[in-house]
Amino acid sequence: METVTISANINEKKKAEFFQTMESLTSLVENQCNDLDIRVKDDNTLIIKITFDGKDQMEKNFYTGEFNILKGTVKSLCEDVRIKITDTAINNN
């Protein structure tokens with residue numbers, strides 16, 4: 001199993017746009033992974049956990065258009081974005 005964890009703080013002014021975009025993207029992303037868990041706390045802290053069968057499935061799917069849109073959405077509408085693949089931080093720029 002490979003798990004990608006995206007954590008961030010949703011920008012208060014962009015919160016509605018974030019939820020609208022995520023609603024559209026969720027079903028597309030869910031079809032390309034084993035599990036997608038999106039949690040938003042009251043303080044706008046976001047944690048997205050994406051689980052894949054293994055490294056091959058993760059490498060095949062995590063860089064597709066849908067996941068790139070997901071990552072772009074988080075990076076443009078959130079602050080302090082951190083992405084980890086099975087506890088290893090990746091380039092978060």
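I38 pairs by the side chain to side chain contact (heavy atoms under 4.5 Å, CB included) definition with M22, T26, L36, L46, I48, not counting sequence neighbours. Residues meeting the side chain to side chain contact (heavy atoms under 4.5 Å, CB included) test with E12, sequence neighbours left out: K15, N44. F67 meets the ring-ring contact (aromatic ring centres under 6.0 Å, His included) test with F52, F62; sequence neighbours excluded. Applying the side chain to side chain contact (heavy atoms under 4.5 Å, CB included) test to K41 and every residue at least two apart in sequence or in another chain returns D43, T45. Contacts of D42 classified as side chain to side chain contact (heavy atoms under 4.5 Å, CB included), with partners at least two apart in sequence or in another chain: none.
Side chain of N11 to backbone of L77: no donor-acceptor contact under 3.5 angstrom is found.
Closest of all the heavy-atom pairs between C33 and T51 is CB-O, 3.5 Å. The minimum heavy-atom distance between K75 and I83, with the atom names listed, is CE-CD1, 4.1 Å. The heavy-atom pair separating A8 from V81 by the smallest distance is CB-CG2, 3.8 Å. Scanning all heavy atoms of the two residues, the minimum distance from M1 to T86 falls at O-OG1, 4.5 Å.
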Evaluate the criterion side-chain contact (heavy atoms from CB on, under 4.5 Å) for residue pair C78 and I10; output intermediate values, then yes/no.
CA-CA 4 Å; C78 299; I10 303 171; 3.9 Å; yes
Steps toward side-chain contact (heavy atoms from CB on, under 4.5 Å) verdict (I50, I6)
CA-CA 8 Å; I50 309 159; I6 302 172; 4.3 Å; yes
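Summarising the geometry, atom CD1 belonging to I85 is positioned 9.5 Å from atom OG1 belonging to T5; distances are rounded to the nearest 0.5 Å. The structure places CG of L28 at 10.5 Å from CG of L70, a figure rounded to the nearest 0.5 Å. Here the OH-CG distance, from Y63 to N68, works out to 9.0 Å after rounding to the nearest 0.5 Å.
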Distance-only check: which donor-acceptor pairs under 3.5 Å involve side-chain atoms of residues 54-61, not counting sequence neighbours?
| from | atom 1 | to | atom 2 | distance (Å) |
| --- | --- | --- | --- | --- |
| Q57 | OE1 | D53 | N | 2.3 |
| N61 | ND2 | Q32 | O | 3.1 |
| N61 | ND2 | Q57 | O | 3.3 |

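A continuous path of Ile, Leu, Val, Met, Phe, Trp and Tyr side chains, each step under 4.5 Å between heavy atoms, connects F19 with L25, placing both in one hydrophobic cluster.
Between D35 and K49, the closest side-chain pair of non-hydrogen atoms is not below 4.5 Å.
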